[in-house]
Amino acid sequence: MTTERELRVAKVRPEDGIGVALHKLGEHRAQEQEKLIRESYGPEPVVVGIPILDTRTQYEKDRDSARLQNGVRMAVILLMVGVLFWVLNSTIGNNIRGMDFYGVKDSYTLYPNALKSSGYSDYYAGRADSETAFAKQSALDFATKYGSLFKPGTPFERMFDSCKGKFSCTDVSLAAVLNIQRYALKPQSLLNDMCTLEVSAVAKRAQTSYAGPLDARFVPSKVSTSNMCVTTNPSQVQAVATPLNTRYKLYEAGYLLLVPLVAFLVLVSLVPKAQYPVKGG
C-alpha cells in the first residue's frame with residue numbers, strides 16, 4: 001500500500017499523470033531497496049585497477065608450465081654442480097695449490113727448520129736423560145741429511161755445546177749449526193750448501209724430471225726467527241717449475257673442470273625433463 005509520505009519522498013506531484021507517478025514511485029522503491037541491502041551486507045568492495053583475465057589457451061598454459069619446470073630443473077642441476085665444484089676446489093684444489101713449486105716462475109724460497117733462529121727452550125729442563133736422548137737423535141738426523149758437507153769423523157753431537165740458556169739443546173737451529181761449522185768441508189759456504197741441499201730435496205720430492213743442480217743461498221731473516229733459502233739461478237728454477245706447473249694445471253683442469261662437467265652431463269641425462277605440449281594435439 002502506498003502512503004502519502006512515500007509519495008512525498010518519491011516527489012510525486014498531484015499534477016503528475018499516473019504513468020509518471022508510477023515511474024517516480026518505482027525509482028524510489030528501488031533506491032530504498034538498494035539502501036537496505038547496503039546497510040545489511042556492508043559496502044561493496046572497491047576494485048582497484050583493471051582485472052587481468054588469463055586469456056591463454058590450454059596449449060599456452062601447458063607450454064609455460066613446462067618452461068617453468070625445466071627452468072627449475074636446470075637451476076637445481078647447476079646448484080648441485082656448483083656445490084661439487086666448491087667442495088673439489090676447497091679440498092683437492094687447495095692441495096694442488098699447496099704443492100712444491102706451484103706458481104713459481106724463476107725464484108723459489110723456503111724456510112728450513114735446520115737453519116731457524118731458535119731461542120732457548122727449557123722444555124727438557126730437569127729431565128737430563130730425555131734431553132740427552134733427543135739431542136743425540138737430532139745430531140744423528142742432521143748427520144744423515146747433511147753429512148756429505150762435513151769432514152769424516154765430525155762430532156755432530158758437539159753442535160749442542162754451550163746451549164744451556166742460549167739456544168735449544170735438542171732441536172737443530174742456526175746456532176747449533178754454527179757450533180760445528182769449523183768441521184765443514186767448506187766452512188765459508190756451509191749455509192749456502194745446506195740451502196742447496198734443501199731446495200734440491202724439495203725438487204726431488206716434487207718428482208721433477210730435472211736432474212741438474214739447483215743453487216741456493218742462505219738469507220738471514222730480519223723480521224722473524226725463520227731464516228730463508230733463496231734460489232740464485234732463474235734458469236734452473238724454470239727447468240724445475242715449468243713442467244711441474246704444467247702438470248699441476250692438468251690436475252686442476254681434470255678435477256675442477258672435467259669432473260663437474262661430467263657430473264653436469266650425468267645429471268642432465270638422469271633428471272627427467274618436462275615435456276612440451278604438442279600444438280593442436
ask   = How about N113 and V172: do any of their side-chain heavy atoms sit closer than 4.5 Å?
value = no

request  = Starting at SG of C163, measure out to CZ of R158 and round the result to the nearest 0.5 Å.
outcome  = 12.5 Å

request  = Identify the two heavy atoms, one from T154 and one from K151, that lie closest to each other, and give their separation to 0.1 Å.
outcome  = OG1-O, 2.5 Å

task = Please name the residue in the list L197, L115, T196, V202 that meets the side chain to side chain contact (heavy atoms under 4.5 Å, CB included) test with C229.
result = L115

message = Any side-chain to backbone donor/acceptor pair from N70 onto K273? Under 3.5 Å, distance only.
response = no

request  = State the OH-CD1 distance between Y251 and I96, to the nearest 0.5 angstrom.
outcome  = 8.0 Å

inquiry  = Does the plane of the ring in F156 sit parallel, tilted or perpendicular to the ring in F150? Use 30° and 60° as the thresholds.
reply    = perpendicular

message = With a 6.0 Å cut-off (strictly less than), is the heavy-atom count around OH of Y255, excluding the residue itself, greater than 12?
response = no

inquiry  = If we ignore hydrogens and angles and just use 3.5 Å, is the side chain of T242 paired with the main-chain N or O of A239 as donor and acceptor?
reply    = no

Intermediate values then yes/no, side chain to side chain contact (heavy atoms under 4.5 Å, CB included), R73 and V268 = CA-CA 9 Å; R73 166 182 173 272; V268 168; 3.8 Å; yes

inquiry  = Could you measure the distance from the CE atom of M194 to the CG atom of L174? Nearest 0.5 Å is fine.
reply    = 8.5 Å

key: Main-chain N/O of P213 paired with Y210 side-chain donor or acceptor, under 3.5 Å   = yes

message = Counting neighbours of CE on M80 that are heavy atoms of other residues, nucleotides or ligands and sit closer than 6.0 Å, is the number greater than 12?
response = no

inquiry  = Does E198 form a side chain to side chain contact (heavy atoms under 4.5 Å, CB included) with Y111? I'd like the steps, not just the answer.
reply    = CA-CA 9 Å; E198 286 280 356; Y111 303 86; over 6 Å; no

ask   = Could you give the distance from CG (L257) to CZ (F85), rounded to the nearest 0.5 Å?
value = 7.0 Å

remark   = CE of M99 to CG of N245, rounded to nearest 0.5 Å, is 11.0 Å

ask   = Would you say the side-chain atoms of E157 pair up with the backbone N or O of K136, donor to acceptor, closer than 3.5 Å?
value = no

message = The test is side chain to side chain contact (heavy atoms under 4.5 Å, CB included); show your working for Y146 and I180 and say whether it passes.
response = CA-CA 12 Å; Y146 301 104; I180 58 172; over 6 Å; no

key: Single-linkage hydrophobic cluster L214~V219, side-chain heavy atoms < 4.5 angstrom   = no

task = Side-chain contact test, heavy atoms from C-beta onward, threshold under 4.5 Å: evaluate it for L88 versus L84 and give yes or no.
result = yes

key: Passing option when S65 is tested against Q69, R63, R67 for side chain to side chain donor-acceptor pair (under 3.5 Å)   = Q69

request  = Could you tell me whether a side-chain N or O of Y248 sits under 3.5 Å from a main-chain N or O of D100, the two making a donor and an acceptor?
outcome  = yes

query = Can you check whether N233's main-chain N or O pairs, donor with acceptor, with T231's side chain at less than 3.5 Å?
reply = no

ask   = What is the distance from atom CZ of F101 to atom CG of L110, rounded to the nearest 0.5 Å?
value = 8.0 Å

task = For the pair R217 and C195, evaluate side chain to side chain contact (heavy atoms under 4.5 Å, CB included) and give the outcome as yes or no after the intermediate values.
result = CA-CA 6 Å; R217 62 185 175 88; C195 280; over 6 Å; no

key: Under 3.5 Å donor-acceptor, N227 side chain and K116 backbone   = no

task = Looking only at non-hydrogen atoms, find the nearest pair between P187 and Q181 and report the distance.
result = O-NE2, 2.7 Å

